[in-house]
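What follows is a single structure, written as structure tokens, with notes after it.
Quick note: numbers below take in every heavy atom, side chains included, and nothing from hydrogens, waters or symmetry partners. Whatever order the structure lists them in is the order used to number ligands and atoms, beginning at 1.
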Amino acid sequence: MSALSALRYRFNSLTQTLTAINQSLNPHTQSSILVPISILSSHYSSKQQSNDRNEDKNDVVSLFNRDPTSPPRLFVVQPRLRPDTFLQAKLNEALCLANSLEEQREGYFETDFFDKALPPHVVVQNPILRSSRARADTYFGPGTVETIKCHLYASESKGEVDAVFVNSILSGVQQRNLERAWGKPVLDRVGLIIEIFNAHAHTKEAKLQSELAALIYKKSRLVRVRGPDGRHTFGTTGEAEVVSARGRGSGGRGFISGAGETELQLQRRRILERRNHLLSQIEEVRRTRALQRAARKRHGGFQNKGLATVAVVGYTNAGKSTLVSALSESELYSDSRLFATLDPRLKSVILPSGRKVLFSDTVGFISDLPVQLVEAFHATLEEVVEADLLVHVIDCTAPNLEEHRTTVLQVLQQIGVSEEKLRSMIEVWNKIDYEEGEMGADDSVDDGGASSWPVDEDDNASEVSSELEDDRGNSNSSLVMESSKEDYEETIENMQENYSDGWLLSEDDQEKVGDHWLKSLDEQRGETLNNLGIELQSQAAQHGPHVKISAITGVGLQELLELIDEKLKTQDETLKAQNVVERGFFDRKWRPSRTDDAGMAVEQ
Ligand SMILES: Nc1nc2c(ncn2[C@@H]2O[C@H](COP(=O)(O)OP(=O)(O)OP(=O)(O)O)[C@@H](O)[C@H]2O)c(=O)[nH]1
Ligand SMILES: [Mg+2]
């Protein structure tokens with residue numbers, strides 16, 4: 001109940017201002033960016049990129065050709081999920097993601113997040129729920145593609161849409177075909193998250209890493225398909241393979257020799273060159289960070305043991321930055337936009353025992369966090385891996401809190417946080433003021449059904465409300481007509497077998513994503529840690545949160561600091577004991593025994 005109220009509270013704030021935002025849209029800007037340009041297109045260089053970014057970067061950062069001076073208007077397509085509360089949570093996240101894509105101007109966002117309008121959105125039949133497999137060519141079935149097109153055109157007639165955001169993972173071919181069908185750039189979940197990272201990055205480190213993630217993503221999207229005329233084409237505009245002179249008759253071998261470079265090869269080469277350049281710069285960042293960490297461990301701190309670091313981790317928007325600000329009495333940037341923080345920031349805090357420690361605020365996680373981002377943000381995430389203690393902040397108002405927790409545990413395992421650290425991690429339930437305040441204020445949300453969805457004044461937003469209603473009863477809605485009777489009869493248990501980390505992938509996609517992880521992970525360790533993850537989850541389920549806090553009101557913060565103090569003290573004692581044992585072992589091993597001495601003497 002409390003979580004639904006939280007959603008209602010947030011979305012009512014968002015929807016109230018839809019009209020104002022729509023009015024502020026500039027028709028001129030809109031027409032200039034409504035050109036459908038695929039991320040697969042060879043025209044990936046955006047001439048409209050921000051002047052703030054250097055020209056070199058303009059060529060590769062943006063995944064679609066958008067105007068960075070005003071936030072793009074995205075049309076959100078949410079595949080249906082069950083149960084409805086889960087659908088609502090995912091739709092809520094999708095809308096927040098869509099509204100989070102915005103560049104800062106002089107360090108600030110132009111609009112307050114809560115003043116932003118809800119983006120136009122539609123819930124559609126989920127191909128995976130229906131046939132357990134998405135279509136290889138268009139992901140959705142032809143009926144759903146048409147339905148979305150109708151809704152899209154209806155929104156567009158109001159001048160609202162720059163691109164379509166499908167809150168799922170699409171293959172390059174699916175994305176491209178949907179772009180053709182809808183005549184708009186299409187972003188899938190991975191693409192949008194990477195785009196947000198690029199838009200929010202403003203330090204050198206974050207920019208380098210976000211750009212690298214975008215490049216890795218783009219590289220995976222470079223596909224060659226057969227065009228309508230039967231020839232192989234590249235890009236949405238269907239240009240034939242273009243050859244550059246490179247490789248023609250010089251140095252190439254076999255078939256490549258003398259043929260020149262195809263468009264695909266040219267794009268790959270450009271991406272690889274840029275990637276290598278970025279990797280070398282990121283390596284420098286990593287080296288600097290490692291040196292700084294070593295210096296912190298050597299100097300200062302408690303009894304000359306160096307400064308301990310406490311990394312604050314959690315799902316995006318959980319309140320990590322607000323918490324670190326409150327504990328350190330500083331002003332870290334916090335915002336309701338997702339991925340407000342991209343760079344680790346360190347703040348010193350004095351614990352109740354008088355011990356000084358460093359708190360590190362870092363990038364938040366999200367379900368289906370693109371692997372490209374995890375790979376690219378290695379330097380930043382190392383701060384988490386190397387921390388002495390982890391504090392996991394959970395937004396207790398999130399209806400899918402359990403999924404958030406699992407996601408964070410999985411990412412921590414994937415980036416290589418030790419089993420020991422995961423076991424000693426402190427779990428903090430933040431935003432309890434929601435429960436105490438707004439939650440109790442509105443009893444109407446207790447029905448647990450469609451009425452808990454925010455009542456929107458806007459036509460676009462209310463579409464979903466009616467759909468959710470329709471899904472339970474009879475409806476004339478074209479969207480609901482696509483649902484089969486069997487869909488309704490499937491149990492939640494059956495549905496959950498289809499969920500991957502609370503998220504839906506086609507079987508192909510699952511294989512692809514799985515492969516990717518396998519490449520970057522130590523398999524055996526992964527298995528052990530997965531078991532640990534389950535164990536940690538069940539522990540948490542049994543014992544509840546370690547501490548309940550409100551980073552905003554300050555409730556529970558003292559208790560949290562005391563717990564951190566205690567944990568670090570226990571760790572110190574364990575380390576000390578280990579050192580004693582190790583030294584004893586060392587001594588025994590290397591000091592020659594009396595008998596050995598005698599033997600040696602005899603031999604000599
Ligand atoms: N009511 C309430 N709101 C909170 C609390 N803590 C944080 N928030 C709000 O939650 C939103 C997100 O807070 P942040 O501190 O930016 O969250 P974050 O985890 O750092 O988010 P990212 O950096 O985007 O991953 C902001 O609007 C905060 O004002 C809390 O204890 N109570
Ligand atoms: Mg933050």
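- In terms of polar-atom proximity, defined here as any N/O pair under 3.5 Å, Leu338 makes no such contact with ligand 1.
- Checked against a 3.5 angstrom limit, the closest N/O atoms of Tyr434 and ligand 1 fall outside it.
- For Leu323, no heavy-atom contact with ligand 1 is shorter than 4.0 Å.
- Trp429 pairs in a side chain to side chain contact (heavy atoms under 4.5 Å, CB included) with only one of the listed residues (Leu401, Val393, Thr397), which is Leu401.
- When distances to the Mg ion (ligand 2) are checked against a cut-off of 2.8 Å, Thr341 contributes an N, O or S atom below that limit.
- Close N/O approach between Phe339 and ligand 1 is found [any backbone or side-chain N/O within under 3.5 Å].
- Inclusion of Thr316 in the first shell of the Mg ion (ligand 2) is not supported: no N, O or S atom falls under 2.8 Å.
- Residue contacts with ligand 1 do not include Gly314, since none of its heavy atoms lies under 4.0 Å from the ligand.
- Under the side chain to side chain contact (heavy atoms under 4.5 Å, CB included) rule, Lys548 has a single partner from Ile432, Leu560, Asn430, which is Ile432.
- Between the side chains of Asp343 and Tyr333, no donor-acceptor pair is found at a separation under 3.5 Å.
- Near Arg337, meaning under 4.0 Å from any of its heavy atoms, are these atoms of ligand 1: 24 (O).
- The closest side-chain donor-acceptor pair between Thr309 and Glu386, if any, does not fall under 3.5 angstrom.
- Within the listing of ligand 1, atoms 31 (O) sit less than 4.0 angstrom from a heavy atom of Ser550.
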Would you sort out whether Ile193 and Asp368 count as a side-chain contact (heavy atoms from CB on, under 4.5 Å), showing the intermediate values?
CA-CA 10 Å; Ile193 293 172; Asp368 257 350; 5.8 Å; no

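- Under 4.0 Å from ligand 1, heavy atoms of Thr316 appear from its side chain as well as its backbone.
- Checked by distance only, ligand 1 and Val363 stay at 3.5 Å or farther apart across all their nitrogen or oxygen atoms.
- A donor-acceptor contact closer than 3.5 angstrom links the side chains of Gln209 and Thr380.
- Between Phe377 and Phe197, the ring planes lie perpendicular to each other; the angle is over 60°, past the 30° to 60° tilted range.
- Atom CZ of Arg337 has more than 12 heavy atoms from other residues, nucleotides or ligands within 6.0 Å.
- When atom types are taken as modelled, the side chain of Lys320 and the backbone of Ser360 share no donor-acceptor pair closer than 3.5 angstrom.
- For ligand 1 and Gly364, the ligand atoms under 4.0 Å from any heavy atom of the residue are 25 (O).
- For Ile549, no nitrogen or oxygen atom sits less than 3.5 Å from a nitrogen or oxygen atom of ligand 1, counting backbone and side chain alike.
- No N or O atom of Tyr333 sits closer than 3.5 Å to an N or O atom of ligand 1.
- For ligand 1, the atoms closer than 4.0 angstrom to any heavy atom of Ser336 are 11 (C), 26 (C), 27 (O).
- A distance of 10.0 Å separates CD in Glu375 from CG in Leu279, rounded to the nearest 0.5 Å.
- The heavy atom nearest to atom 15 (O) of ligand 1, considering only Asp395, Val324, Thr322, is found in Thr322.
- Remark: His392 engages no residue in a ring-ring contact (aromatic ring centres under 6.0 Å, His included) (not counting sequence neighbours).
- Atoms of ligand 1 lying under 4.0 Å from any heavy atom of Gly319, numbered from 1 in the order shown and given with element: 7 (C), 13 (O), 14 (P), 15 (O), 17 (O), 18 (P), 19 (O).
- Near Asn317, meaning under 4.0 Å from one of its heavy atoms, ligand 1 places the atoms 11 (C), 12 (C), 17 (O), 18 (P), 19 (O), 21 (O), 22 (P), 24 (O), 25 (O).
- Residue nearest to atom 23 (O) of ligand 1, selected from Thr397, Asp361, Asp433, Thr341: Thr341 (by heavy-atom distance).
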Run the side chain to side chain donor-acceptor pair (under 3.5 Å) test on Arg345 and Ser325 for me, step by step, so that the C-alpha distance in whole Å, both residues' side-chain angles and the decisive distance to 0.1 Å come before the verdict.
CA-CA 10 Å; Arg345 296 288 302 270; Ser325 297; over 6 Å; no

